[in-house]
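A quick write-up on the structure given underneath.
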Amino acid sequence: MRSLLAADMDKCYYCGKPSKIVHAIYSTNLQQEKASIEDGMVIPVCWECNVRLHISEHKKNRLHIEGQIEWERHYPMLVFEKRYGRTFL
């Protein structure tokens with residue numbers, strides 16, 4: 001599985017520990033989660049950082065913004081809002 005944000009899928013995106021979970025950045029529904037996986041909008045995380053990510057609205061919002069910026073850079077001919085149903089910028 002590839003990630004547009006993480007260079008190493010074996011290390012946690014946040015702390016560098018060994019990753020245990022592949023987190024789909026956009027996963028409000030099954031369609032968004034599938035699109036995230038197809039598009040590389042995933043990050044590797046350890047258990048602790050995964051819990052923190054789900055608790056912290058700030059972390060989630062920041063990740064959504066980072067993800068959209070990278071997605072638009074990687075897929076310049078496509079429209080993020082059509083793919084994911086909204087914009088985070």
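Counting begins at 1 with the first residue of the sequence. As the structure is a prediction and not an experimental result, all values here were calculated from the model.
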With sequence neighbours left out, which residue pairs that include part of residues 16-46 fulfil the ring pair (Phe, Tyr, Trp, His ring centres under 6.0 Å) condition?
His23-His54, Tyr26-His64, Tyr26-Phe80, Tyr26-Tyr84, Tyr26-Phe88
How would you list, by chain and number, every residue that makes a side-chain contact (heavy atoms from CB on, under 4.5 Å) with Gln31, sequence neighbours excluded?
Asn29
Test side-chain contact (heavy atoms from CB on, under 4.5 Å) applied to Lys17 - qualifying residues, sequence neighbours left out:
Cys15, Cys46, Glu48
One should read off an interatomic distance between Glu81 CD and Glu72 CD, to the nearest 0.5 angstrom, of 9.5 Å
Is there a side-chain contact between Val45 and Ser19, using heavy atoms and a 4.5 Å cut-off?
no
What is the distance from atom CG of Leu63 to atom NZ of Lys59, rounded to the nearest 0.5 Å?
9.5 Å
Considering only Ile, Leu, Val, Met, Phe, Trp and Tyr, and joining two whenever side-chain heavy atoms are under 4.5 Å apart, list the other residues clustered with Val79.
none
For Ser27, all residues meeting side-chain hydrogen bond (donor to acceptor under 3.5 Å, both in side chains), sequence neighbours excluded:
none
Tell me if a side-chain donor or acceptor on Ser3 pairs with a main-chain N or O of Leu5 at a distance below 3.5 Å.
yes
Tightest non-hydrogen contact, residues Pro44 and Lys11, listed as CG-O, 3.1 Å
Counting only heavy atoms not in Leu89, do more than 12 fall under 6.0 Å of its CG?
yes
Contacts of Lys60 meeting side-chain hydrogen bond (donor to acceptor under 3.5 Å, both in side chains) (sequence neighbours excluded), chain-then-number -> Glu57
Contacts of Val22 meeting side-chain contact (heavy atoms from CB on, under 4.5 Å) (sequence neighbours excluded), chain-then-number -> Met1, Met9, Val42
Is the backbone N or O of Arg52 less than 3.5 Å from a side-chain atom of Ser56, with the two atoms forming a donor-acceptor pair by type?
no
Listed by chain and number, what are the side-chain hydrogen bond (donor to acceptor under 3.5 Å, both in side chains) partners of Thr87, not counting sequence neighbours?
Gln68
If hydrophobic clusters are built by linking Ile, Leu, Val, Met, Phe, Trp and Tyr wherever their side-chain heavy atoms come under 4.5 Å apart, do Trp47 and Ile25 end up in the same one?
yes
Among Ile, Leu, Val, Met, Phe, Trp and Tyr joined by side-chain contacts under 4.5 Å, find the other residues sharing a cluster with Ile55 and list them by chain and number.
Val51
Heavy-atom check, side chain of Ile37 versus side chain of Glu33, under 4.5 Å
yes
Contacts of Tyr13 that satisfy side-chain hydrogen bond (donor to acceptor under 3.5 Å, both in side chains) - sequence neighbours left out
Glu66
Hits for side-chain contact (heavy atoms from CB on, under 4.5 Å) against Leu4, two or more places apart or cross-chain, chain-then-number order -> Arg2, Met41, Glu70, His74, Tyr75
